[in-house]
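Scroll down for the structure; my scribbles are underneath it.
Keep in mind it's a predicted model, so treat the numbers as computed, not measured. The figures that follow rest on heavy atoms only: side chains count, while hydrogens, waters and symmetry mates do not. Every number for a ligand or one of its atoms is a count from 1 in the order of the listing.
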Amino acid sequence: MSLNDSIVLITGASSGIGKSCAVKFAEAGARLILTARRKNLISKLAEDLKKAHGTNAVVFQLDVRDHAAVKKTIGDLPSAWKAIDVLVNNAGLSRGFDKLHEGKREDWEEMIDTNVKGLLYVSREVIPGMVKRGKGTIINIGSIAGHEVYPRGNVYCATKHAVDALTKGLRMDLVDTPLRVCTVDPGLVETEFSKVRFRGDEEKAKVVYQNLKPLEPDDVADTVVFCASRPPHVQVAEVIILPTAQASTTMVHRKGT
Ligand code: NDP
Ligand code: 8X3
């Protein structure tokens, strides 16, 4: 299915996987609605994509945890941008690496509010229009952590298990429509993810990707574009994508170890 001129809304497009998705959809000729909290980054991305591919993009500063802002941003989209064809629910994060009984409430709230409630808020505003138009693809960025739990992953893993449940539930709710619901669930991808988890501690973040070749954000974005560009009768329900040196959340082969 051609993505040329499709309208694609990406949450968390300022960095990592979301940013790569923007580039890959732009290369496929899509029009982009880019959202994130760091507006300067998405504005610069939109400028770069305009220069490189002539991409038509609009940017909105949006914190997906802010229900009123999500409702207003999507509700107030100019008419030329309302008919969203593809929604990429990518915005997400982990915070902390504590044992649950030693964990910080603010970390839990941030992960649950972003990864679960934010995804719900955006989906609730975008999907009814897709249903009305009889067309649309929703792609959630889940995680291997939505299939397995790892030590100290407690709440982050719970949020990604929730994404898995929401994806499956939504697919059931939309089974009598032409809409498609997909989840792309990566293992280790080198992005700002671990820096965010460890609140800017570069040393701790580096260790996560040490002595192995992790996925690059483009590897995940290629998969997302693959899902979106299948023929309308094909629904890629779930893709788990891992670095070759990763067999599970806890089994990672690091050179020299
Ligand atoms: P990055 O930290 O590089 O990117 C995260 C993106 O999410 C940023 O663009 C950030 O934008 C956005 N974001 C975070 N919080 C909010 C918020 N409240 N509102 C709006 N946007 C927000 O990490 P990744 O690219 O790795 O993460 C993207 C997704 O991939 C996440 O859902 C993550 O859980 C998932 N994932 C990552 C893996 C990895 O190993 N990296 C593996 C499996 C899944 P801004 O700060 O500007 O708002
Ligand atoms: C991110 C992958 O294993 O670092 O979802 O939690 S992991």
Which of the listed options, T191, V208, I42, I240, holds the heavy atom that is closest to atom 26 (O) of ligand 1?
T191
From G12, S15, A22 - option closest to atom 12 (C) of ligand 1 by heavy atom:
G12
If we number the atoms of ligand 1 from 1 as shown, the ones under 4.0 Å from a heavy atom of G16 are 3 (O), 25 (O)
Of all the non-hydrogen atoms in the protein, which one sits nearest to atom 9 (O) of ligand 1, and at what distance?
S14 OG, 2.8 Å
Partner residues of H161 under the ring-ring contact (aromatic ring centres under 6.0 Å, His included) criterion, sequence neighbours left out:
none
Give a yes/no verdict on a cation-pi contact between R197 and Y156, requiring under 6.0 Å between NZ or CZ and the six-membered ring centre and an angle within 45° of the axis.
yes
S14 side chain vs R38 backbone, donor-acceptor pair below 3.5 Å:
no
Short version for K160: what comes under 4.0 Å of ligand 1, heavy atoms counted, is side chain
Is it true that S20 lies under 4.0 Å from ligand 1, counting heavy atoms only?
no
One should read off an interatomic distance between I74 CD1 and I33 CD1, to the nearest 0.5 angstrom, of 8.0 Å
Non-hydrogen atoms of T11 versus ligand 1: any pair closer than 4.0 Å?
no
Check for me whether S194 has a heavy atom closer than 4.0 Å to any atom of ligand 1.
no
Under 3.5 Å, is there a donor-acceptor pair between the T183 and D185 side chains?
yes
Between ligand 2 and the protein, find all N/O pairs closer than 3.5 Å and give the distance for each.
unit_1, atom_1, unit_2, atom_2, d
ligand 2, 5 (O), S143, OG, 2.5
ligand 2, 5 (O), Y156, OH, 2.5
ligand 2, 6 (O), Y150, OH, 2.5

Kindly indicate, with the supporting measurements, whether the criterion side-chain contact (heavy atoms from CB on, under 4.5 Å) is fulfilled by H147 and D164.
CA-CA 8 Å; H147 301 273; D164 182 55; 4.0 Å; yes
